[in-house]
Amino acid sequence: MSSHEGPCSDNDSHVGADDDIEREWPWVDILPERDRRLFAEEMSQLMAEAAETNDLAPVEQALREWRVTAEIYLDPELAELLTGPRVANGPRVPKPVV
């Protein structure tokens, strides 16, 4: 086992991670800081799962979805519409009875 394959502490695992992410997917820097962290966490989890299952489809789907999210942030009005508070214009919908 090489020194790069051993377990890392939580602090060590993020060293240089932001640089690697931005180099691989430059559109990530458009995302707000909170979303960049969520992106990194999700990609880390999905890539680990893909390594075990040999199935990259979930990784590819998540990348498409995150890229579209980044594109939304390029349009401030659209970003506000989709991330801002919601206002209802009609009567309250009753809770479904199960």
Side-chain angles (χ1 to χ4, degrees):
M1 177 187 315
S2 76
S3 62
H4 297 288
E5 294 175 3
C8 298
S9 72
D10 286 341
N11 291 340
D12 292 343
S13 65
H14 297 292
V15 173
D18 288 343
D19 292 338
D20 292 342
I21 288 171
E22 289 175 8
R23 187 171 36 254
E24 191 67 31
W25 302 294
W27 47 264
V28 171
D29 66 349
I30 297 167
L31 297 170
E33 180 63 32
R34 179 180 181 274
D35 284 353
R36 281 191 297 247
R37 285 192 306 271
L38 291 172
F39 170 81
E41 291 168 10
E42 183 176 355
M43 286 297 103
S44 178
Q45 179 182 350
L46 288 172
M47 288 182 188
E49 291 170 5
E52 292 178 15
T53 63
N54 262 351
D55 181 10
L56 288 174
V59 174
E60 293 167 346
Q61 179 66 32
L63 283 170
R64 281 191 297 274
E65 292 170 359
W66 276 108
R67 185 172 187 148
V68 168
T69 300
E71 290 173 3
I72 288 168
Y73 281 109
L74 288 174
D75 181 342
E77 288 182 26
L78 181 57
E80 177 60 30
L81 177 68
L82 296 175
T83 61
R86 306 287 188 269
V87 178
N89 293 330
R92 186 168 186 86
V93 176
K95 192 173 189 176
V97 178
V98 183

Which side-chain N or O atoms in residues 72-83 pair as donor and acceptor under 3.5 Å with protein atoms at least two apart or in another chain?
residue, atom, partner, partner atom, Å
Y73, OH, D35, OD2, 3.1
D75, OD1, E77, N, 3.1
D75, OD1, L78, N, 3.2
T83, OG1, A79, O, 2.5

Scan the side chains in residues 87-98 for donor-acceptor partners under 3.5 Å anywhere in the protein, sequence neighbours excluded, and list what turns up.
none

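Minimum heavy-atom separation, A70 to I30: O-CG2, 3.2 Å. The minimum heavy-atom distance between D55 and A50, with the atom names listed, is O-CB, 3.4 Å.
The 12-atom threshold is not exceeded at CZ of R34, counting heavy atoms of other residues, nucleotides or ligands nearer than 6.0 Å.
By the 4.5 Å heavy-atom criterion applied to side chains, W27 and T69 are not counted as neighbours.
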Working for side chain to side chain contact (heavy atoms under 4.5 Å, CB included), residues W25 and W66:
CA-CA 10 Å; W25 302 294; W66 276 108; over 6 Å; no

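For the side-chain hydrogen bond (donor to acceptor under 3.5 Å, both in side chains) condition, the pairs that include at least one residue of residues 43-52, sequence neighbours left out, are Q45-E49.
The CZ atom of R67 sits 11.5 Å away from the CG atom of L31 when rounded to the nearest 0.5 Å.
Of the listed residues (R36, M43, E41, E42), just one forms a side chain to side chain contact (heavy atoms under 4.5 Å, CB included) with F39, and that residue is M43.
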